[in-house]
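A short worksheet on the structure shown next.
Quick note on labels: first sequence line is chain A, next is B, and so on, each numbered from 1. Keep in mind that the numbers below use all heavy atoms, side chains included, and drop hydrogens, waters and symmetry copies.
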Amino acid sequence: MKKIINNPEMVVEEMLDGFVKAHPNYVKRVEGFDVIVRANAPVKGKVALISGGGSGHEPSHGGFVGKGMLDGAVAGAVFTSPTPDQIFEAIKAVDGGAGVLMVVKNYTGDVMNFEMAAEMAEMEDIEVTSVVVNDDVAVEDSTYTTGRRGVAGTVFVHKVAGAAAEKGLDLAEVKRIAEKTIANVRSMGMSLTPCTVPAAGKPSFTLAEDEMEVGLGIHGEPGTHRDKIQPADKIVDHLLDKILSDIDYSGSEVAVLVNGLGGTPIMELYVMNKRISEVLAEKGIKVHRTYVGNYMTSLEMAGASISLLKLDDELKELIDAEADTPALTQF
Amino acid sequence: MKKIINNPEMVVEEMLDGFVKAHPNYVKRVEGFDVIVRANAPVKGKVALISGGGSGHEPSHGGFVGKGMLDGAVAGAVFTSPTPDQIFEAIKAVDGGAGVLMVVKNYTGDVMNFEMAAEMAEMEDIEVTSVVVNDDVAVEDSTYTTGRRGVAGTVFVHKVAGAAAEKGLDLAEVKRIAEKTIANVRSMGMSLTPCTVPAAGKPSFTLAEDEMEVGLGIHGEPGTHRDKIQPADKIVDHLLDKILSDIDYSGSEVAVLVNGLGGTPIMELYVMNKRISEVLAEKGIKVHRTYVGNYMTSLEMAGASISLLKLDDELKELIDAEADTPALTQF
Amino acid sequence: MFNNKILINILSEMADVIKENRGLLTDLDQAIGDGDHGINLDRGFSALKESLDSLKDKDCASILNSAAMVFISKVGGASGPLYGTAFMRAGKEIAGKENITGEDAINMFNAAIEGIMKRGKSDKGDKTMLDTLIPAFEAFKSAIENGDDFESISEKTLEAAKEGLEYTKTIAARKGRANYLGERSIGHQDPGATSSYLMLKVIADVLAKEL
Amino acid sequence: MFNNKILINILSEMADVIKENRGLLTDLDQAIGDGDHGINLDRGFSALKESLDSLKDKDCASILNSAAMVFISKVGGASGPLYGTAFMRAGKEIAGKENITGEDAINMFNAAIEGIMKRGKSDKGDKTMLDTLIPAFEAFKSAIENGDDFESISEKTLEAAKEGLEYTKTIAARKGRANYLGERSIGHQDPGATSSYLMLKVIADVLAKEL
Ligand SMILES: Nc1ncnc2c1ncn2[C@@H]1O[C@H](COP(=O)(O)OP(=O)(O)O)[C@@H](O)[C@H]1O
Ligand SMILES: Nc1ncnc2c1ncn2[C@@H]1O[C@H](COP(=O)(O)OP(=O)(O)O)[C@@H](O)[C@H]1O
Ligand SMILES: [Mg+2]
Ligand SMILES: [Mg+2]
Ligand SMILES: [Mg+2]
Ligand SMILES: [Mg+2]
């Protein structure tokens with residue numbers, strides 16, 4: 001395992017510390033907890049947004065704490081959902097009296113832990129509600145199963161719902177917008193290499209030199225299938241095919257996120273975007289805005305995901321709204 | 001070689017295309033050339049800044065084209081200095097009548113090619129001057145040799161000199177400020193893995209599982225020495241030691257750049273920043289602003305560099321000035 | 001007689017066994033999940049073990065409740081809230097009780113399973129810890145109701161647990177992270193079913209020595 | 001008699017030899033540089049080779065000038081402007097000349113080297129292409145001034161070039177990328193010195209056939 005770390009057990013602690021030291025104008029840490037909140041939290045009278053999950057997805061979620069996006073983020077151990085007590089601290093630290101919306105990615109652990117935290121908050125009369133992001137089209141949706149995973153599309157939920165909260169909308173409205181965003185965002189990813197959880201010390205899976213893993217999540221878990229490495233255009237076509245056949249994007253405007261999983265050069269993400277823009281143009285889908293970079297990563301995994309958010313006028317205004325956070329600034 | 005690309009020979013072409021497609025509000029491409037300029041270039045009456053070098057350092061340099069930073073960027077083949085004709089096109093495309101400053105990294109190839117481009121521009125009566133960034137303290141400076149390399153500190157030059165040009169200063173003033181920035185910035189890097197130039201198809205060097213390369217540049221070339229992997233704190237101490245013993249930072253304020261080389265998780269950069277902030281605090285050096293992320297990369301290399309820019313009031317105002325580019329936005 | 005000392009022995013022994021099997025559980029989880037199950041449980045059990053000394057004068061219900069809180073606040077992931085809920089529900093069944101009977105044991109086991117099912121929205125056949133626990137519970141219950149002796153109860157319970165554990169290899173996951181693998185999860189043993197088996201085995205082993 | 005046909009043959013043959021040695025040159029550059037020397041030169045020579053057909057009626061000076069422009073605009077890096085400058089300076093020496101004599105050859109070689117030295121701010125002993133070219137030039141010049149026959153001139157020149165190339169293994173680089181390696185560059189053969197050797201060898205081989 002090759003990592004610039006001190007102690008696998010201390011990596012989240014030290015990361016959070018280094019994060020707060022880097023961005024004191026944006027964020028502060030809730031003393032004694034793995035919780036990052038806005039430097040000026042709680043923002044009085046504003047609906048607060050929190051998110052979180054296992055660590056290892058940096059800059060998610062702490063990097064999106066700031067004006068126009070999240071109010072707080074909870075960091076679990078690497079790839080491990082945070083515990084209810086930590087989430088509860090975040091809720092308390094951000095609640096400005098207008099209620100708290102939790103943006104949860106659809107994983108058994110995340111859902112349960114956030115749910116338990118909400119139960120704790122209710123006992124203290126804090127209004128808490130949640131939305132569950134499940135944008136990954138790699139997995140069939142089904143009521144008999146856990147359903148789809150939440151992956152990079154979550155960043156769009158932070159952006160859009162965060163802008164709605166910043167505008168002063170109430171909890172029900174912010175939740176409605178978050179749910180609309182979730183209903184309109186689809187993602188799919190692939191990888192060329194595994195990643196190594198520091199405490200595990202060895203790669204999450206092995207791939208031959210000519211193989212890639214397709215349809216995988218963001219926790220180093222294997223994907224839906226393994227394939228020979230394809231040229232970038234073929235990879236893009238496959239990912240887009242799954243996304244575009246899941247909801248009807250035709251004739252609409254979209255926001256695109258070409259997301260790196262942590263170990264892929266930005267160069268390659270742009271090579272992908274060339275093909276993405278071609279395919280969307282062919283299909284008459286208009287690109288309103290494109291984000292390219294490492295937004296929701298899997299440690300040092302080489303790979304990428306594509307997310308498409310279908311926009312209407314309401315979502316368009318919110319995706320274009322100002323944001324000022326350590327990892328995403330937009331004016 | 002595991003890469004999301006189509007054809008090693010086409011990677012720069014496709015990347016530039018995907019880049020322009022992603023950021024049409026910021027940039028356009030000079031038709032037929034590997035040159036990215038501001039969407040509204042040339043900006044009349046403003047001193048124009050260009051930079052460039054081999055590709056493979058994304059988001060450098062194209063990502064920093066935009067308000068408050070560069071006016072244009074020239075992309076060579078991967079890790080290969082661009083040719084004079086390409087640079088000359090960039091000069092012509094950005095010249096708004098107030099002259100052009102070229103920010104060149106100190107490599108034999110870059111220096112020669114930019115120099116030849118300047119000779120071409122002079123023949124067309126465009127006022128061109130250049131500064132050469134040589135911030136890498138890994139290598140001893142000496143008049144008998146090529147001198148130091150230019151590495152991640154170049155981003156500070158883009159930021160500071162770009163802000164000066166945006167303020168309306170004239171070419172001599174912008175150049176003075178760029179040179180002051182260069183005089184006050186020092187960097188050093190290390191890596192855990194090599195990287196693979198697409199056209200070469202194999203890694204630039206090999207490192208054992210327990211080894212790291214120290215004091216290396218940003219082109220996959222080996223460093224000044226090889227060492228057993230150290231804990232993050234030890235690595236930071238070593239890099240900072242070299243930087244801090246090169247110019248006197250004591251009692252001053254600094255801007256810090258913790259730069260990822262492309263394959264290192266952001267998590268690890270923040271772990272480094274924890275130690276950086278401790279060491280600087282101990283030495284009485286005040287951190288004015290910190291940047292953490294992939295700013296000047298080496299394809300998919302796992303590794304990082306630290307840059308420290310010593311600030312005075314003038315530089316402070318300029319580093320804090322607004323910037324709005326695809327890869328760095330600050331308000 | 002079952003008492004708080006035995007319970008603490010069990011928890012302490014569980015902590016050791018989980019630590020020994022940390023690598024195994026993590027490997028199993030790497031194959032079909034995210035490779036942290038051993039790490040997660042070890043983190044929880046290590047914290048629990050440290051707290052046991054301070055619990056030694058508490059009654060069984062309180063000890064289980066404290067164990068639950070440690071699990072919930074230290075483990076995270078899916079297994080933290082699930083095992084935490086299981087401990088909490090088991091403890092609730094014997095709140096205020098002095099004597100813990102065979103019937104109490106049945107109720108505790110039953111409540112633990114129900115807690116997991118409710119919290120996890122899961123059932124037998126989803127390729128989870130429940131595939132170990134539910135068959136084990138059924139065998140345990142009928143052996144007790146049958147009037148079997150300790151050795152026979154223990155043997156039947158572990159056998160059923162083992163069978164359930166083996167069964168997880170033959171099915172595709174419908175819950176938890178392994179679910180995303182679909183058919184690819186077939187052939188792999190579920191990590192949570194494995195940790196449940198290990199924990200049941202510890203209970204049997206300690207009771208065999210202590211009773 | 002040296003003429004434009006021979007020159008085109010030389011350039012065409014150089015392109016083939018560089019393509020054959022693309023891997024070798026890149027490997028050498030990976031050891032002490034950035035691993036692109038073979039790629040760079042192959043890119044330039046491939047473009048040059050494609051343009052040769054359109055140059056076949058031009059005089060030697062124009063062909064060299066066109067080759068220089070291709071190099072400067074296609075190769076990039078350090079070697080592009082350096083070899084480009086070398087070709088350009090060599091061509092300048094024979095601008096307008098019909099007959100190219102031994103003395104012209106000396107002047108061309110000399111001008112090429114001076115162009116490299118000026119552009120590269122470099123000299124013998126810096127571990128660059130100059131360590132092949134300068135000794136080769138000196139041997140070439142004295143052999144011609146000595147009145148040697150073609151075979152002997154060719155042999156002495158290549159021998160000196162080879163010695164210079166070998167010498168690059170023994171020294172630390174002071175110019176180019178390898179310079180940053182300091183003492184670590186010792187033991188490695190310079191890629192640019194190698195490509196220069198290959199190019200001189202092509203000139204000798206083609207001339208041996210054609211003259
Ligand atoms: N909904 C569920 N109901 C019961 N058990 C579950 C459920 N989801 C997951 N599990 C169990 O949890 C185990 C994984 O635990 P762990 O790896 O610690 O958490 P995570 O999956 O969050 O990384 C699985 O092997 C499975 O036995
Ligand atoms: N200043 C210089 N003078 C002469 N030759 C040089 C100089 N700098 C570099 N070279 C030659 O160029 C070669 C490297 O060329 P190449 O790899 O194509 O360019 P780059 O170093 O820019 O990647 C070196 O091996 C060396 O022989
Ligand atoms: Mg997990
Ligand atoms: Mg190069
Ligand atoms: Mg797991
Ligand atoms: Mg090179």
Side-chain angles (χ1 to χ4, degrees), chain A residues 2-7 11-12 14-19 21-23 55-56 58-59 63 78 192-193 195 207 209 212 229 231-233 235 256 258 262-277 287 290-294 297 299-300 302-304 324 326-327 329-331, chain B residues 2-7 11-12 14-19 21-23 55-56 58-59 63 78 192-193 195 207 209 212 229 231-233 235 256 258 262-277 287 290-294 297 299-300 302-304 324 326-327 329-331:
Chain A
K2 294 195 131 180
K3 290 187 184 292
I4 310 177
I5 59 174
N6 292 301
N7 173 349
V11 71
V12 173
E14 295 186 0
M15 166 186 76
L16 292 175
D17 199 2
F19 182 75
K21 287 275 162 47
H23 311 296
S55 292
E58 292 66 35
V78 176
L192 297 175
T193 67
C195 60
L207 270 177
E209 187 50 35
M212 63 180 187
I229 294 186
D233 287 358
I235 291 173
V256 178
V258 191
T264 281
I266 296 173
M267 167 186 271
E268 297 175 23
L269 302 180
Y270 282 115
V271 168
M272 289 178 74
N273 189 55
K274 169 178 184 283
R275 180 67 185 167
I276 293 170
S277 67
V287 176
T290 305
Y291 298 88
V292 179
N294 293 325
T297 60
L299 295 171
E300 74 282 5
D324 195 14
T329 301
Q330 182 177 305
F331 278 81
Chain B
K2 295 196 130 180
K3 288 187 184 293
I4 309 177
I5 59 173
N6 292 300
N7 172 349
V11 73
V12 173
E14 296 186 359
M15 165 186 76
L16 292 175
D17 199 3
F19 181 75
K21 287 276 162 48
H23 311 295
S55 292
E58 292 68 34
V78 176
L192 297 175
T193 67
C195 59
L207 270 178
E209 189 49 36
M212 63 179 187
I229 294 185
D233 287 357
I235 292 173
V256 178
V258 191
T264 280
I266 297 173
M267 168 187 272
E268 297 175 25
L269 302 181
Y270 281 115
V271 168
M272 289 177 73
N273 190 55
K274 168 176 186 284
R275 180 66 185 167
I276 293 170
S277 66
V287 176
T290 305
Y291 298 89
V292 180
N294 293 324
T297 60
L299 295 170
E300 74 283 5
D324 194 16
T329 301
Q330 181 177 304
F331 279 80

Per-residue contact mode, V11(A) against chain B (heavy atom under 4.5 angstrom): both

At what distance, to the nearest 0.5 angstrom, does OG1 of T264(A) lie from CD of E300(B)? 8.5 Å

N6(B) side chain vs D233(A) backbone, donor-acceptor pair below 3.5 Å: yes

Roughly how far, to the nearest 0.5 Å, is the NE2 atom of H23(A) from the CG atom of N273(B)? 7.5 Å

Where on L207(B) is there a heavy atom nearer than 4.5 Å to chain A: the side chain, the backbone, both, or neither? both

Could you tell me if the side chain of L269(B) sits less than 4.5 Å from the side chain of E58(A), heavy atoms only? no

Would you indicate whether the side-chain heavy atoms of I4(B) and V271(A) approach each other to under 4.5 Å? no

Most contact-rich option vs chain A, by heavy-atom pairs under 4.5 angstrom, among I235(B), I229(B), V256(B), V292(B), is I229(B)

Within the distance-only criterion (no hydrogens, no angle test), does the side chain of K21(A) pair as donor or acceptor with the backbone N or O of S277(B) below 3.5 angstrom? no

Contact origin within M272(A) toward chain B - heavy atom pairs under 4.5 Å: side chain

Answer key: most heavy-atom pairs under 4.5 Å with chain B among D17(A), T297(A), N7(A) is D17(A)

Quick one: pull up CG in L16(B) and OH in Y270(A) and give me the separation to the nearest 0.5 Å. 11.0 Å

Which distance, rounded to the nearest 0.5 Å, do you find between the CD of E14(A) and the CE of M267(B)? 11.0 Å

Which value, rounded to the nearest 0.5 Å, describes the distance between F331(B) atom CZ and Q330(A) atom CD? 10.5 Å

Taking all non-hydrogen atoms of both residues into account, name the closest pair between K2(A) and E209(B) and its distance. CE-O, 3.1 Å

What residue in G262(B), G263(B), A22(B) has the most heavy-atom pairs under 4.5 Å with chain A? A22(B)

Contact winner vs chain A - N294(B), I266(B), I276(B), heavy-atom pairs under 4.5 Å: I266(B)

Nearest 0.5 angstrom please: T329(B) OG1 to D324(A) CG, how far? 9.5 Å

Part of I5(A) lying under 4.5 Å from any heavy atom of chain B: both

